[in-house]
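Computed from a predicted model, the values in this text were never measured in an experiment.
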Amino acid sequence: MRNEFFSYDQRLGIHLPVMLKEWTMYSSEEQEVILLEWERVRGTIPDRIGEIDVEIERLQEELAQEDDFERSCIINNEISERASEINDLWLWYRTNPEKTKRE
């Protein structure tokens, strides 16, 4: 079970942080819980990107064999969507918050 700070993102296939307030408003303990879980999730992102890459390769092979224009457009759109997912995953992967000191 995930903690209350994360929610599963169906499109990206990973759990993402649910920030209900500014980062600095979370207690030190809450930040620690979030950071520990984020590091675990973040570690799965390269594998998820690899899975999507395999899907893109399969779609590209299908596109190369497709003669129907409408079907080709659908496949091309699916490839674009998978590429967008990879881009978003890389953005999340580069997200690396740090624990803040509270006064």
Side-chain angles (χ1 to χ4, degrees):
M1 176 167 157
R2 297 278 174 250
N3 62 49
E4 73 267 25
F5 302 115
F6 287 80
S7 177
Y8 187 75
D9 185 283
Q10 189 71 36
R11 179 175 167 267
L12 299 181
I14 63 169
H15 285 83
L16 293 177
V18 177
M19 306 306 285
L20 301 176
K21 53 189 173 183
E22 290 292 320
W23 179 244
T24 56
M25 299 305 292
Y26 286 99
S27 71
S28 182
E29 294 80 17
E30 288 172 324
Q31 285 185 8
E32 190 168 326
V33 167
I34 294 167
L35 289 172
L36 286 172
E37 180 62 11
W38 178 241
E39 280 306 307
R40 191 200 65 72
V41 170
R42 203 170 157 251
T44 68
I45 291 176
D47 289 339
R48 180 68 186 126
I49 289 170
E51 293 169 3
I52 297 171
D53 274 334
V54 169
E55 291 178 42
I56 289 173
E57 288 174 18
R58 181 190 58 76
L59 288 166
Q60 287 173 328
E61 289 173 10
E62 186 178 335
L63 182 61
Q65 303 298 317
E66 187 57 60
D67 292 329
D68 180 60
F69 178 73
E70 283 187 38
R71 179 70 186 135
S72 294
C73 290
I74 291 169
I75 296 169
N76 218 11
N77 190 44
E78 290 176 18
I79 291 170
S80 294
E81 176 56 30
R82 299 290 94 74
S84 173
E85 292 167 10
I86 288 175
N87 185 57
D88 290 349
L89 285 165
W90 277 124
L91 291 173
W92 277 109
Y93 184 75
R94 291 182 187 104
T95 301
N96 194 15
E98 294 181 359
K99 196 170 173 183
T100 58
K101 292 183 181 176
R102 296 193 69 194
E103 303 286 324

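- L16 CG to L89 CG: the interatomic distance, rounded to the nearest 0.5 Å, is 8.0 Å.
- Of all heavy-atom pairs spanning A83 and I56, the tightest one is N-CD1, 3.9 Å.
- To the nearest 0.5 angstrom, I79 atom CD1 is 11.0 Å from E57 atom CD.
- Listed by chain and number, the residues in a side-chain contact (heavy atoms from CB on, under 4.5 Å) with E22 are T24, M25 (sequence neighbours excluded).
- In the hydrophobic clustering of ILVMFWY residues, with side-chain heavy atoms under 4.5 Å counting as a link, M19 and I14 come out together.
- Placement of F6 and V18 within a single hydrophobic cluster is found when ILVMFWY residues are connected by side-chain heavy-atom separations under 4.5 Å, directly or transitively.
- For residues 65-75, the side chain to side chain donor-acceptor pair (under 3.5 Å) pairs, not counting sequence neighbours, are E62-R71.
- Pairs engaging residues 30-64 under the ring pair (Phe, Tyr, Trp, His ring centres under 6.0 Å) rule: W38-W92 [sequence neighbours left out].
- F69 meets the side-chain contact (heavy atoms from CB on, under 4.5 Å) test with C73; sequence neighbours excluded.
- Between L20 and F5, every side-chain heavy-atom pair lies at or beyond the 4.5 Å cut-off.
- Remark: W23 CH2 to E98 CD distance equals 10.0 Å, nearest 0.5 Å.
- The line from CG of D53 to CD1 of I86 is 4.0 Å long, rounded to the nearest 0.5 Å.
- Rounded to the nearest 0.5 angstrom, R40 CZ and E37 CD are separated by 4.5 Å.
- Under the rule for a salt bridge (charged side-chain N to carboxylate O under 4.0 Å, His left out), the partners of E32 that lie at least two apart in sequence or sit in another chain are K99.
- Once rounded to the nearest 0.5 Å, the distance linking CD1 of I75 with CZ of R58 reads 8.5 Å.
- Residues forming a side-chain contact (heavy atoms from CB on, under 4.5 Å) with E39 (at least two apart in sequence, or on another chain): R42, N96.
- For W90, the ring pair (Phe, Tyr, Trp, His ring centres under 6.0 Å) test picks out Y93, with sequence neighbours left out.
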For residues 44-51, which side-chain donor-acceptor pairs fall under 3.5 Å, sequence neighbours excluded?
{"residue": "T44", "atom": "OG1", "partner": "V41", "partner atom": "O", "Å": "2.6"}
{"residue": "R48", "atom": "NE", "partner": "L12", "partner atom": "O", "Å": "2.9"}
{"residue": "R48", "atom": "NH1", "partner": "E51", "partner atom": "OE1", "Å": "3.0"}

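- Residue pairs meeting the side chain to side chain donor-acceptor pair (under 3.5 Å) criterion with at least one member in residues 78-88, sequence neighbours excluded, are R11-E81, R11-S84, R11-D88, R82-E85.
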